[in-house]
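Both counts, for ligands and for their atoms, begin at 1 and track the order of listing. Predicted model, so just to flag it, every value in this text is computed and none were measured.
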Amino acid sequence: MKAVIPVAGEGTRLRPHTHTIPKPLLRVAGKPILGHILDDVVALGIKEVVLVVGYRGENIVDYVRANYDIDLSFVEQSERLGLGHAIYLSREFIGEEPVLILLGDTIFKGDLKKMVASGGNSIGVKRVADPRRFGIAELQDSRIVSLVEKPEKPKSDLAVAGIYAITESAALYGALDSIIKSGKRTKGEFQLTDALNLMIEDGSVLKSFEVEGWYDCGKPEALLETNKALLELASPEVKIPGSIIIDPVYIGENVTVESSVIGPFVSVAKNSTIKRSIIRNSILGESAVVEDGLLDSSLIGDNAAVKGMFKRLNVGDSSEIDFT
Ligand code: G1P
């Protein structure tokens with residue numbers, strides 16, 4: 001089995017961070033999102049990975065080449081024509097070999113092995129509160145009978161989670177070829193969901209697989225939620241003399257922490273400095289500086305500095321100051 005990971009998107013919902021770093025390289029729980037995904041792929045025994053790159057693709061190529069000793073191929077999606085189009089571009093690297101497709105902004109924990117082992121074409125799904133934001137599956141038992149991309153009136157609350165194990169690769173690439181050649185777009189894009197639906201219409205059996213550990217990283221709140229969940233799973237124990245650490249936190253190499261309270265759910269990348277600060281539920285980039293800071297639910301980029309958030313007050317008896 002080979003893996004395809006589409007990582008071409010601009011990550012607009014994560015600006016300003018994605019102005020300088022492509023979304024898959026944003027760090028969560030001490031590692032780039034793509035690092036978490038590739039570690040899982042390698043753990044499955046998959047040795048050939050195709051990355052569909054676009055926005056800041058050279059950064060992604062550099063990161064992956066420097067950190068992973070596996071058979072890597074890169075294909076460029078120069079125009080963002082949709083997920084279906086991105087996957088179509090990988091066709092020559094996959095041929096008829098079974099393929100595992102994983103989205104570049106989503107981390108799965110604990111599910112991959114079971115899903116791949118289940119055999120056949122298997123699509124990861126999960127019940128969600130707002131199905132209009134996702135591809136939606138309709139099932140008969142565990143078999144998918146139809147798929148619709150972000151329907152206005154969803155027929156189920158079962159979302160396509162962004163993990164697809166396809167054994168009939170030739171049928172998948174054939175279906176992608178048909179939707180692209182016929183110009184069939186949904187919401188303006190060539191959709192993977194439409195190609196999978198076409199496979200069903202043409203007689204392929206697509207089974208659903210209910211995923212458990214599904215961690216989205218597409219927007220700031222999701223990135224922080226994922227940071228929290230992955231830190232909880234790893235539950236590292238950190239001790240720093242002179243400061244209070246409330247686990248779980250991740251503190252990278254060569255980080256200076258003085259007279260501070262850090263945690264829970266804080267990730268700090270290498271070479272950063274934190275002094276006289278209180279930080280919880282936040283992600284700090286490399287060489288960031290926080291001094292006299294009070295931070296909650298914050299994303300602080302590489303080389304960014306945040307200072308002086310404590311207040312000086314001179315308040316008389318019976319006064320009330322409320323900063324909320
Ligand atoms: C893509 C897929 C959609 C799926 C979602 C999961 O949408 O097109 O079917 O439900 O990923 O995250 P996107 O989030 O890229 O708009």
Side-chain angles (χ1 to χ4, degrees), residues 3-15 18 22-24 26 28 33-34 36-37 40 51-55 77 79-90 99-109 111-112 115 121-139 144-166 172 175-176 179-180 184-200 206 208-223 225-226 229:
V4 175
I5 310 176
V7 285
E10 288 184 35
T12 50
R13 290 177 301 168
L14 276 162
R15 285 178 182 158
T18 47
K23 178 167 63 174
L26 294 179
V28 57
I33 299 165
L34 184 56
H36 289 280
I37 298 170
D40 291 341
L51 287 129
V52 185
V53 296
Y55 178 71
Q77 187 189 31
E79 268 184 294
R80 247 57 93 211
L81 298 178
L83 180 58
H85 177 255
I87 303 306
Y88 182 63
L89 296 175
S90 68
V99 60
L100 177 67
I101 300 167
L102 296 163
L103 304 188
D105 62 0
T106 310
I107 299 168
F108 292 90
K109 286 289 165 208
D111 293 317
L112 294 175
M115 182 170 162
N121 304 306
S122 192
I123 310 293
V125 294
K126 183 147 181 104
R127 296 200 184 279
V128 292
D130 183 6
R132 285 170 306 173
R133 283 182 39 223
F134 298 95
I136 293 301
E138 244 194 292
L139 302 189
I144 300 176
V145 289
S146 85
L147 287 162
V148 189
E149 184 66 19
K150 304 191 181 86
E152 299 282 311
K153 292 190 181 142
K155 287 194 185 162
S156 88
D157 60 354
L158 214 50
V160 173
I163 174 171
Y164 318 78
I166 304 290
L172 171 67
L176 286 166
I179 65 162
I180 288 169
K184 179 181 166 34
R185 295 180 190 226
T186 302
K187 316 264 172 204
E189 297 186 345
F190 295 115
Q191 301 288 355
L192 180 57
T193 312
D194 287 338
L196 295 169
N197 202 48
L198 192 55
M199 282 176 73
I200 298 170
L206 270 58
S208 64
F209 178 91
E210 191 129 6
V211 298
E212 287 156 18
W214 178 25
Y215 303 110
D216 176 33
C217 303
K219 43 186 187 171
E221 312 84 76
L223 198 65
E225 272 300 308
T226 296

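- Once rounded to the nearest 0.5 Å, the distance linking CG of Asp40 with CZ of Phe108 reads 10.0 Å.
- Taking 4.5 Å as the limit, some side-chain heavy atom of Leu26 sits within range of a side-chain heavy atom of Thr18.
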What donor-acceptor contacts under 3.5 angstrom involve side-chain atoms of residues 147-157, with partners at least two apart or in another chain?
{"unit_1": "Glu149", "atom_1": "OE1", "unit_2": "Thr193", "atom_2": "OG1", "d": "2.4"}
{"unit_1": "Ser156", "atom_1": "OG", "unit_2": "Ala137", "atom_2": "O", "d": "2.6"}
{"unit_1": "Ser156", "atom_1": "OG", "unit_2": "Leu158", "atom_2": "N", "d": "3.1"}
{"unit_1": "Asp157", "atom_1": "OD1", "unit_2": "Arg127", "atom_2": "NH1", "d": "2.7"}

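- Near ligand 1, residues Leu83, Leu103, Phe134, Gly135, Glu149, Lys150, Val160, Ala161, Gln191, Thr193 come within 4.0 angstrom through at least one heavy atom.
- Considering CG of Leu206 and CE of Met199, their distance stands at 5.0 Å, rounded to 0.5 Å.
- In this structure, Phe190 and His85 have tilted ring planes: the angle between them lies in the 30° to 60° band.
- In this structure, Trp214 contributes its side chain and Ala161 its backbone to a donor-acceptor pair below 3.5 Å.
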